[in-house]
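A short write-up of the structure that comes next.
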There are 4 protein chains.
Amino acid sequence: MSASELYVTHPAGDNRLRPMTSSGPPLTRAERRKQELRREIIDAAFECFAESGYHATGIADIAKRLDIGHGTFYRYFQNKRDIVDYVIDDLVRRLATALTEENAPDAVSTLDDYREQAARIGESLTRIFIEDPRVPRLLLVEAAGIDKAMAERVLDLFDLAADLTAAYLSHGVDLGYLRTDLDIPNTARAITGMIMAAALTLLRHPDPEHQHRLSEAIRRVMYDGIAARDTP
Amino acid sequence: MSASELYVTHPAGDNRLRPMTSSGPPLTRAERRKQELRREIIDAAFECFAESGYHATGIADIAKRLDIGHGTFYRYFQNKRDIVDYVIDDLVRRLATALTEENAPDAVSTLDDYREQAARIGESLTRIFIEDPRVPRLLLVEAAGIDKAMAERVLDLFDLAADLTAAYLSHGVDLGYLRTDLDIPNTARAITGMIMAAALTLLRHPDPEHQHRLSEAIRRVMYDGIAARDTP
Amino acid sequence: MSASELYVTHPAGDNRLRPMTSSGPPLTRAERRKQELRREIIDAAFECFAESGYHATGIADIAKRLDIGHGTFYRYFQNKRDIVDYVIDDLVRRLATALTEENAPDAVSTLDDYREQAARIGESLTRIFIEDPRVPRLLLVEAAGIDKAMAERVLDLFDLAADLTAAYLSHGVDLGYLRTDLDIPNTARAITGMIMAAALTLLRHPDPEHQHRLSEAIRRVMYDGIAARDTP
Amino acid sequence: MSASELYVTHPAGDNRLRPMTSSGPPLTRAERRKQELRREIIDAAFECFAESGYHATGIADIAKRLDIGHGTFYRYFQNKRDIVDYVIDDLVRRLATALTEENAPDAVSTLDDYREQAARIGESLTRIFIEDPRVPRLLLVEAAGIDKAMAERVLDLFDLAADLTAAYLSHGVDLGYLRTDLDIPNTARAITGMIMAAALTLLRHPDPEHQHRLSEAIRRVMYDGIAARDTP
DNA sequence: CATGAATGAGCTTTCATTCAT
DNA sequence: AATGAATGAAAGCTCATTCAT
């Protein structure tokens, strides 16, 4: 799996929202309303799952949150299990967008640039997670326990995040501002682990100040460790 | 919470295994058999939970695995939820024993000692996880999704692990082989995150060779980052 | 508790039958059907409880009697215990209606009137009980053994019946056709006891003729006592 | 059924306690201990059933009360249902003894004697019921709801009590101090009903004073009726 | 198309009873 | 004879899913 697959994680990949620049056929009003409701159901499900957990959430809970009949749910999604994938898709897309936009791996060329970029990415993540702690809660706490398939998907996401990280490392090695002997994939995993730790910590201490210090500590561990020793 | 509390994680703490040197009251044969069956039920539950997940496991599944009536389960545990705590207790105790024995934080006094100790600990963990991947699977994948209380407990465990790590760092700072300006608690969290990453990776790649390289990468990140810059 | 509370015996008193003259909101067909099924479930439960007893009756038995899924039961009632209150409510209402209509305590003014009224009431009760002996069976035989709360309720009903009787006695004392030194509440209890005896007897001898003689005997005790009159 | 059958109510009638004057074979110490424990189990069962109800009582509850293993129960009684009959037997015997001793129907010959005797009997009953309200509670509240057979037995007891009462009435009619046109069986039922009412009332108002007034009211109804006497 | 009434598979839990020790 | 560990039938209840309206 590679970072380029970021947007294609769900088997039934044809239901995802089209980018706004899409030149598809113009939607009728009814169709638009349908898309909208679909979106709202996904959001409601996200909230329920993150707040009460997947197993403790009933279809009726999701429907009640939107004041729709719970039969309606089944006009938009196959079954309870089905919607989880869309909820996760959605989260991943939101995260990926926040992380990658204006932060392409090849946008930097010096260690200092890289440090700044990494700081920007860290801040983005922190902001998202602090703004809505249900995001990390669902991803790191609830999702994996849903069932075997979702556990696999969470592991996939971990791999994906590591791949993404690896792309940045790779670029740095190529340009020489990172250690040339870096074990890129494994170092990427290690770094991803530190990011996970930050997300978990945030669930207990949703304090920006605390989060800032943790980010700082992570970066301190990182740079000095992975930086090329050419700086005497 | 501190590392010293490692052995006291469950409220009903009266049924943990006695130390082997215990000179407790001599157990009758029936009592011994009871302890044994209790143990077997915990083990069977562990296996079921790790393999199928908590929610997909029925009491009947646990009982069937031992060829006992499912009513028997309720002679040993209050209810389905009750046993999870004992299963987790058990895992934590196994891990803690493996990690702390012969690896006290204050057993080392130089950076090289420390590196060796860290390598030993890493190897211990790796061995445990590779020998029985259900251990990391239950702790990192299944447990948090069981319910709110267990999610909290998993976060507690993360904190506990970080505290334990912090004890090692603290010792190193005191003795001067680690950076004096180290943000101990946060760095400990970061390191714990890398260990989690290793455990997760292992679920996908239960290959000792691969695991070895990952450990190596983690340590490379670590030492150079946290070591004092006494090498000009 | 007073006789006027006769119609308000159940805490969740909002679902009693509307008076037939009610001009409530027009019910849709679905709503009407729902009311109907609710009614049928109460009736089926009444039958099961009266015939087999509360504890020997399963939700499945009630459902089977109506050929509905047992899950449906739970759409109409919280749980097994819940429905009993409604069944009893229903019985009490049926009895109260039969007894009080056209038999207001203040509708008579002489002893002869009173005797006739008492005879009418006795006949009403007898008719109800003979038509469906499950009514006295449930009230006098099954109900009290259900649980503590229902036992209390049965005692409440006994008190209620005594209160109702007391109202008749009180009127008679006021108008002078009953003994002025009558201990109204306790005499009312005694009379209520005789009525209970009649209902119990009826379970064994559901013969109208027999019942008629018993009523007669009760009334003779009431009006004439048992002592021979020739002893001045 | 007649009053003379009072002592032979249970099918398995051979297990009852022998009268102390029995000239049976001398019991060994073990046999005596067995009889004793049997007795204690019956008493404990009585207490449990009266306090918690038959269905809410488990065999384990009875055993716990005596600090015996619950398996032991089954060495003395066939099953849970079995013991109820013995408990009821026991109660009936206690009541019958208290009522009949020194109160034989043919011990009186005038209305005044009869009144005194009736008062004595009433007081005996009241004393028993107030001393241990579990007796009326078990007989009137719990017993009938146990199962069909026990419901029948409760009705049998009612008949028995009525028969007993009838014996007194019959004697009075024969001797001329009671109305010669008395419908003896039905009047007996009516009177028995008033006694039941007294017992029920006592469960709510276990106050001797209150009970005394109720007895008085019952006797007034019996002897004088309720009608004003100014109508000759 | 939206609804929510109906359904029953499937789960947890209890407890009377048995029987080896 | 006493025990209490083991058992499994049986019950209550939930909730995802279907489908007639």
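Numbered from 1 within each chain, the chains take letters A, B, ... in sequence-line order. Just so you know, these numbers come straight off a predicted model, no measurement behind them.
- Residue C/Asp61 contributes atom CG, which lies 10 Å from atom C1' of F/dA11 at whole-angstrom precision.
- Each of E/dT12, F/dA5, F/dT3 was ranked by its minimum atom distance to the side chain of D/Arg75; first place goes to F/dT3.
- Taking atom CZ of C/Arg29 as the reference point, atom P of E/dG4 lies 17 Å away to the nearest angstrom.
- Between A/Arg38 atom CZ and E/dC1 atom C1' there is a gap of 16 Å when expressed in whole angstrom units.
- Between C/Lys34 and E/dA5, a side-chain N or O to OP1/OP2 separation shorter than 4.0 Å is present.
- A/Gly58 comes within contact range of the sugar-phosphate backbone alone, with a heavy-atom separation under 4.0 Å but no base atom that close.
- Side-chain nitrogen and oxygen atoms of D/Tyr76 include at least one within less than 4.0 Å of the OP1 or OP2 phosphate oxygen of F/dA2.
- Interface remark: the C/His70 side chain does form a donor-acceptor pair with the E/dA9 base, using a distance-only criterion of under 3.5 Å.
- Nucleotide F/dA1 forms a pair with no other nucleotide shown, judged by Watson-Crick or G-U wobble geometry with both contacts under 3.5 Å.
- Listed nucleotides F/dA6, F/dG12, F/dA16 differ in distance to A/Lys80; the shortest reach to its side chain belongs to F/dA16.
- The side chain of D/Tyr74 places no N or O atom within less than 4.0 Å of a non-bridging phosphate oxygen (OP1 or OP2) of E/dC19.
- Remark: B/Arg39 fails to qualify as a cation-pi partner of B/Tyr76 under the 6.0 Å distance and 45° angle criteria applied to the six-membered ring.
- By the 4.0 Å N-to-carboxylate-O rule, C/Asp147 lies too far from C/Arg153 to be salt-bridged with it.
- Atoms CD1 (A/Ile62) and P (F/dC15) sit 13 Å apart, rounded to a whole Å.
- For F/dC15, the paired nucleotide is E/dG8, the pair qualifying as Watson-Crick or G-U wobble because both relevant distances are below 3.5 Å.
- Separating the CD1 atom of B/Ile59 from the P atom of F/dC13 is a distance of 19 Å, rounded to the nearest angstrom.
- Both B/Thr72 and C/Ala56 sit near DNA chain F, but only B/Thr72 has its closest nucleotide nearer the 5' end.
- Between the P atom of F/dG4 and the CD1 atom of B/Ile68 lies a distance of 20 Å, rounded to the nearest Å.
- Of the two residues contacting DNA chain E, namely C/Asp67 and D/Gln78, the nearest-nucleotide position lying further toward the 5' end is that of C/Asp67.
- A salt bridge between A/Glu40 and A/Arg33 is present, with a side-chain N of the basic residue lying under 4.0 Å from a carboxylate O of the acidic one.
- Ion pairing between B/Glu51 and B/Arg65 holds under the 4.0 Å rule for side-chain N and carboxylate O.
- In this structure, A/Lys34 does not pair ionically with A/Glu31, as no charged nitrogen and carboxylate oxygen lie closer than 4.0 Å.
- Note: NE2 (C/His55) to C1' (F/dA10) measures 15 Å, nearest angstrom.
- The CD1-P distance, from A/Ile83 to F/dA16, rounds to 12 Å in whole Å.
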